[in-house]
Structures are given as structure tokens and as C-alpha cells.
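The residues of the chain are indexed from 1 along the displayed sequence. Hydrogens, waters and symmetry mates play no part in the numbers below; they use all other heavy atoms, side chains included.
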Amino acid sequence: MTPLERAAYALNWQVDHQRRVAVICDALTDYLSNKTGGPGGGDAEMCGGVALFLSAYIRHGADVAAEDAKHAEAGA
């Protein structure tokens, strides 16, 4: 795989990763906006769990992007 192909693959992975984050955020927003009478106590726990998951998922994406950047710099 050439450096350009490797960079394209890395960027495509990052795009897919960010789209997944956006889908989860959209789903959570949609869920909360369609609650009759507003969110309840259980909803707060569920939202906290989703936020914790997203934090770890976004951090993982940042770690992968940083590693990809290191490889790109080393290959340049």
C-alpha cells in the first residue's frame, strides 16, 4: 500500500467513525425530543451512559488519527 493509499484509507476510516458518532447523537436527540412529558429519571441515566460511551469512542478515533498522522510523518 502506497503512502497515499494508506492516507486515503485512514481518512475514510475517520469519516466513518465520525458518521457513527453523529448517528448516535442524532438518535439520542430524537429520543429525548419525542418524550411525552419530558425525560424521566431513567432517561438521565441512559443519556449519561451514552455520553460516556461517546467520550470513549471519540477518544479512540482521536488516538487512531494521531497514530495515522505519526505514520504519515514517518513515511514523508
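Atom CG of Leu32 and atom CE of Met46 lie 5.5 Å apart (nearest 0.5 Å). Residue Ile58 holds its CD1 atom at 12.0 Å from CG of Asp63, rounded to the nearest 0.5 Å. Here CD of Gln18 is found 9.5 Å from SG of Cys25. Values are rounded to the nearest 0.5 Å.
You'll find the side chain of Asp26 stays beyond 4.5 Å of the side chain of Asp30, heavy atoms only.
Side-chain N or O atoms of His71 include none that pairs as donor or acceptor with a backbone N or O of Arg6 at under 3.5 Å. A side-chain donor-acceptor contact under 3.5 Å links Glu5 to the backbone of Thr2.
No hydrogens or angles considered: a donor-acceptor pair under 3.5 Å links the side chains of Ser55 and Arg59.
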Check step by step if side-chain contact (heavy atoms from CB on, under 4.5 Å) holds for Gln14 and Asp68. CA-CA 10 Å; Gln14 292 170 29; Asp68 289 342; 3.5 Å; yes

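Tracing side-chain contacts under 4.5 Å through hydrophobic residues (I, L, V, M, F, W, Y), one reaches Tyr57 starting from Tyr31; they form part of the same cluster.
By the neighbour-count criterion of 12 heavy atoms within 6.0 Å, atom OH of Tyr9 is sparsely surrounded, having that number or fewer from other residues, nucleotides or ligands.
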